[in-house]
Amino acid sequence: MRIKVNGAEKIYFDYNATTPTDPRVAKVMMEYFTENFGNPSSIHSIGKRAREAVENARLEVMKLMHARESDGKLIFTSGATEANNIILKGLAMKAWKEEKNHLIISSIEHSCIMNSAKWLEKQGFKVTYLRVDKYGIVDLEQLENSITKKTFLVSIMHANNEIGTIEPIREASKICHDNNVLFHTDAAQSFGKIKVDVNELGVDFLTVSAHKMYGPKGIGALWIREGISIEPLIHGGGHEYGIRSGTENVPGIIGFGYACKLRMKEMHEEEKRLTLFRDHIIKTVTETIPESYLNGHPVKRLPNNVNIRFNFIEGEALVLLLDEMYGIQVSSGSACASHKPEPSHVLMAIGLRPEEAVGSIRISMGKWTTEEDVEYLLEVLPKAVKRLRDISPFKGKWEV
Ligand SMILES: Cc1ncc(COP(=O)(O)O)c(C=O)c1O
């Protein structure tokens with residue numbers, strides 16, 4: 001996808017950070033800012049029209065997660081960060097009363113789960129951080145052995161935002177249910193890219209976000225299985241089943257619903273197309289650029305994600321060079337963590353040394369990525385890596 005930024009043409013390879021809103025989605029949203037501006041809680045006809053649209057959108061989002069209305073409730077939130085905060089802290093508040101104080105998460109969760117867990121630790125909760133193997137796959141034996149009578153929740157992400165690894169969620173949720181523990185998955189990266197089915201995965205709670213799948217920013221959702229209650233964190237007029245009060249973001253919700261409807265039809269073709277691009281990039285780069293290695297699992301990974309480390313250079317320098325010299329937008333680590341000076345906790349968890357972790361970049365593709373874009377990337381990447389290696393202070397001092 002070529003985009004003009006200050007007059008210069010840029011090629012976007014950062015779809016795991018965010019996607020453009022599909023123009024068809026943006027178009028559908030427009031009338032909910034102006035003509036259909038009603039408050040869904042108003043009982044007059046303009047309010048009723050907004051309510052109807054919100055409820056239809058809710059059904060579209062639930063359809064994409066293969067959830068029937070009888071399976072549970074969908075709570076609209078401002079995004080995955082809020083949904084993840086609600087589930088960890090909302091359940092912790094409830095658990096406290098039941099004298100449960102133990103949470104289990106994986107060691108490669110997104111910062112919104114990580115930092116919520118760390119905050120809970122400060123409040124006196126105990127947290128187990130599950131190991132992952134060299135591909136980023138969570139250790140299920142450790143999961144089984146870590147569960148105690150005090151465990152109130154296990155949260156393991158469906159797909160990792162940095163290295164794209166897809167976790168064995170069905171197996172993890174089964175272990176939890178066999179031990180009477182609730183299970184949550186953060187599906188912000190997988191939803192709309194691969195099949196997400198709450199019943200097949202066997203989850204009690206699922207987090208999703210619109211801006212990772214061609215919907216607008218600032219809207220996401222938390223799905224909660226029927227019969228399970230949590231404590232709300234935001235109190236007010238009782239919106240969203242009393243779990244997330246505040247007037248609904250109607251245009252955002254409509255956009256999310258429509259984006260889900262489009263994904264339902266278009267996702268599978270895109271999955272096939274991007275998997276071919278992904279595997280072509282991985283093969284070409286690792287075979288032709290010396291000292292370059294794939295991070296994450298070769299097959300159990302998101303169709304649109306490539307994460308590669310290049311010894312002797314810094315990923316951030318490569319990101320900037322690719323942008324400024326070649327107009328290519330990639331990322332070093334996740335967008336939400338890339339302002340941090342430390343190496344990514346995900347890359348450290350899969351066993352990389354700090355100097356290997358900082359040499360990694362994430363290339364992520366989407367709907368508007370073309371074969372021409374991929375070939376251009378493959379043409380310029382070796383040149384950019386060589387340029388940085390030629391001036392690298394690490395070269396020759398590296399213990400391989
Ligand atoms: C796995 C994962 N969880 C949560 C989030 C946060 O999503 P949002 O921007 O909707 O708050 C992201 C976004 O990068 C993510 O990749």
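Ligands are counted one by one from 1 in listed order, and the atoms in each one are counted from 1 as well. This chain uses plain numbering: 1 for the first residue, then up along the sequence.
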Would you call [X] and [Y] a salt bridge, using N to O less than 4.0 angstrom?
{"X": "E248", "Y": "R51", "value": "yes"}
{"X": "E171", "Y": "K174", "value": "no"}
{"X": "K27", "Y": "D22", "value": "no"}
{"X": "E200", "Y": "K195", "value": "yes"}

Problem set entry | N or O pair under 3.5 Å between A159 and ligand 1 | no
Problem set entry | Contact (N/O only, under 3.5 Å) between N16 and ligand 1 | no
With backbone taken as N, CA, C and O and side chain as the heavy atoms from C-beta onward, which portion of [X] lies under 4.0 Å from ligand 1: side chain, backbone, both, or neither?
{"X": "K217", "result": "neither"}
{"X": "A80", "result": "both"}
{"X": "D186", "result": "side chain"}

Considering only heavy atoms of [X], which atoms of ligand 1 have at least one such atom less than 4.0 Å away?
{"X": "C112", "result": "4 (C)"}
{"X": "Q189", "result": "1 (C), 16 (O)"}
{"X": "M157", "result": "1 (C)"}
{"X": "N161", "result": "1 (C), 16 (O)"}

Exercise. Heavy atom of E109 under 4.0 Å from ligand 1?
Worked result: no
Exercise. Is it true that H211 lies under 4.0 Å from ligand 1, counting heavy atoms only?
Worked result: yes
Exercise. Donor-acceptor pair, S245 side chain versus G236 backbone, under 3.5 Å?
Worked result: yes
For this session: Indicate whether the side chain of K217 and that of T18 have a donor and an acceptor atom separated by less than 3.5 Å.
Result: yes
For this session: Quick one: name the residues clustered hydrophobically with M348, using the 4.5 Å side-chain heavy-atom rule over I, L, V, M, F, W, Y, and just say none if it's on its own.
Result: none
For this session: Run through the side-chain heavy atoms of Ile, Leu, Val, Met, Phe, Trp and Tyr, join any pair under 4.5 Å, and report what else lands in Y135's cluster.
Result: I137
